[in-house]
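Here the structure is a predicted model, which is why all the values come from computation and not from measurement.
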Amino acid sequence: MLSKKEIEFCLQTIGEMFPHAECELKHTNPFELVVAVALSAQCTDALVNRVTEGLFQKYRTPEDYANTSTEELEQDIRSIGLYRNKAKNIKKLSEMIINEYGGVVPSDRDELVRLPGVGRKTANVVASVAFGVPAIAVDTHVERVSKRLGFCRWKDSVLEVEKTLMKKIPVEDWSVSHHRLIFFGRYHCKAQAPKCGECPLLSLCREGQKRLKKGLVKAI
DNA sequence: CTCCCGATAT
DNA sequence: ATATCAGGAG
C-alpha cells in the first residue's frame with residue numbers, strides 16, 4: 001500500500017491532469033441532484049444528463065413525481081438501464097421527502113440513506129456536492145483507481161476503501177480528491193484500455209507495473 | 001450472492 | 001460478442 005505521502009503526490013499529479021474535476025451530473029438544486037444520482041447507478045453521466053434535460057422540465061418538484069404514475073415515469077427514464085427500480089425509487093423517495101422532510105432534501109447522510117435508491121455512495125455525493133459536507137463517495141472509478149494505484153488492498157470492500165481514503169487524505173481535500181479520482185478513472189485509468197503508456201504515475205502504480213511486465217503497456 | 005437493464009466502448 | 005457504466009435492494 002502506498003504511503004500517505006505517495007498518495008498525496010498521486011492526487012496532486014492527477015489534479016494537474018484534471019484541473020477542473022467536479023460533479024458532471026447536471027442539476028440546479030439538491031433535489032435534482034438526488035434524482036440524477038439515483039438515476040446514475042450502472043449508467044454513464046452523459047446518458048443521465050441526456051435524460052434529465054427533458055425530465056427536469058417535466059418534473060420540477062417532489063410533488064410532480066409523487067403525482068405521476070409509475071408507468072409514465074418508467075417511460076420517461078426508459079433509455080436508462082434499471083428503469084423499473086429507478087422509477088419506483090424516485091417516486092417513493094419523492095413521497096418521503098414530502099411527508100417526512102417537509103419537501104426539503106435532508107443534508108444528513110444518515111437521513112439520505114433512508115431514501116429508497118439512495119445508498120452510502122449516493123448519500124455521500126449529495127451531502128458533498130449539494131451541501132458541502134466533506135465526504136468521499138466510492139463509486140466504480142474510485143474503487144478501481146484506488147486498487148490499481150495501491151491506495152488500498154485489492155480485497156477491500158467499498159466501505160473499507162472509503163475508510164482508508166478518509167484516513168490517508170486530509171478532510172479539507174476529501175471532496176476535491178474524490179472528484180479527481182473520478183475523472184482520472186473515467187478518462188484516463190479506464191476499466192477497459194487504461195492509458196498506462198502515457199501515465200505520469202506508471203512508475204509507482206502497482207497494476208501499471210504488472211501490466212508493463214505482461215507487455216500490455218503501449219509506449220506513447 | 002443475484003437481480004435489475006439500456007446505451008456505448010472495446 | 002462482451003465489458004462497463006458516479007449502485008442498491010432483497
- Message: With a 4.0 Å limit, can you tell me whether A:T122 has a side-chain N or O closer than that to the phosphate oxygens OP1/OP2 of C:dA6?
- Response: no
- Query: Is the shortest side-chain N/O distance from A:R84 to OP1 or OP2 of B:dC5 below 4.0 Å?
  - Reply: yes
- Task: Rounded to the nearest angstrom, tell me the gap between atom CD1 in A:I77 and atom P in B:dC4.
- Result: 16 Å
- A:L82 or A:A191: which one's nearest nucleotide on DNA chain C is closer to the 5' end? A:A191
- Item | Interatomic distance where CD1 belongs to A:I80 and P belongs to B:dT8 [whole Å] | 11 Å
- Task: Using whole Å, report how far NZ of A:K91 lies from C1' of C:dA9.
- Result: 20 Å
- Message: What verdict does the salt bridge (Lys or Arg N to Asp or Glu O under 4.0 Å) test give for A:R211 and A:E207, after you've listed the backbone C-alpha separation in whole Å, the side-chain angles of each residue and the deciding distance to 0.1 Å?
- Response: CA-CA 6 Å; A:R211 284 168 175 270; A:E207 182 64 16; 3.5 Å; yes
- Task: Establish, with yes or no, whether the OP1 or OP2 oxygen of B:dT10 is under 4.0 angstrom from a side-chain nitrogen or oxygen of A:K190.
- Result: yes
- Query: Is A:V37 touching bases, backbone alone, or none of the nucleic acid, heavy atoms closer than 4.0 Å?
  - Reply: nothing
- Item | Side-chain N or O of A:T140 closer than 4.0 Å to phosphate OP1/OP2 of C:dC5 | yes
- Task: Consider only side-chain N and O atoms of A:E32 and A:T28, and report whether a donor and an acceptor are under 3.5 Å apart.
- Result: yes
- Message: Distance check, C1' atoms only: C:dC5 and B:dC5, in whole angstrom units.
- Response: 11 Å
- Item | Presence of A:R144 side-chain N/O under 4.0 Å of C:dC5 phosphate oxygens OP1/OP2 | yes
- Note on the structure: Winner on side-chain proximity to A:L25, out of C:dG7, B:dC5, C:dA6, is C:dA6
- Message: Applying a strict under-4.5 Å side-chain criterion to I, L, V, M, F, W and Y, I'd like to know whether A:F9 and A:W174 cluster together.
- Response: yes
- Task: Quickly work out the A:L39 CG to C:dA6 C1' distance and round it to whole Å.
- Result: 12 Å
- A:E53 atom CD: more than 12 heavy-atom contacts under 6.0 Å: no
- Under a single-linkage definition using a 4.5 Å side-chain heavy-atom cutoff for Ile, Leu, Val, Met, Phe, Trp and Tyr, are A:L202 and A:F183 assigned to the same hydrophobic cluster? no
- Message: Given B:dC5, B:dA7, C:dA6, identify the nucleotide with an atom nearest to the side chain of A:S40.
- Response: C:dA6
- Item | Nucleotide C:dC5, atom C1' - distance to NZ of A:K86 in whole Å | 9 Å
- Should the pair A:K121-A:E143 be classified as a salt bridge under the 4.0 Å nitrogen-to-oxygen rule? no
- Task: Would you kindly give the CG-to-P distance between A:D45 and B:dA7, to the nearest whole Å?
- Result: 17 Å
- Message: Is A:R78 close enough to B:dC4 that one of its side-chain N or O atoms is under 4.0 Å from OP1 or OP2 there?
- Response: no
- In terms of the nearest nucleotide of DNA chain C, which residue is placed more toward the 5' end: A:E24 or A:P116? A:E24
- Note on the structure: Assign each of A:Y83 and A:R50 the nucleotide of DNA chain B bearing its closest heavy atom; nearer the 5' end lies the nucleotide of A:Y83
- Mind calculating the distance between CD (A:Q42) and P (C:dA9) to the nearest angstrom? 14 Å
- Describe the nucleic acid contact of A:R186 in one word from base, sugar-phosphate, nothing, applying a heavy-atom distance below 4.0 Å. base
- On a whole-Å scale, what distance lies between the P atoms belonging to C:dA6 and B:dT2? 23 Å
- Send over the distance from A:H141 NE2 to C:dA6 C1', rounded to a whole Å. 6 Å
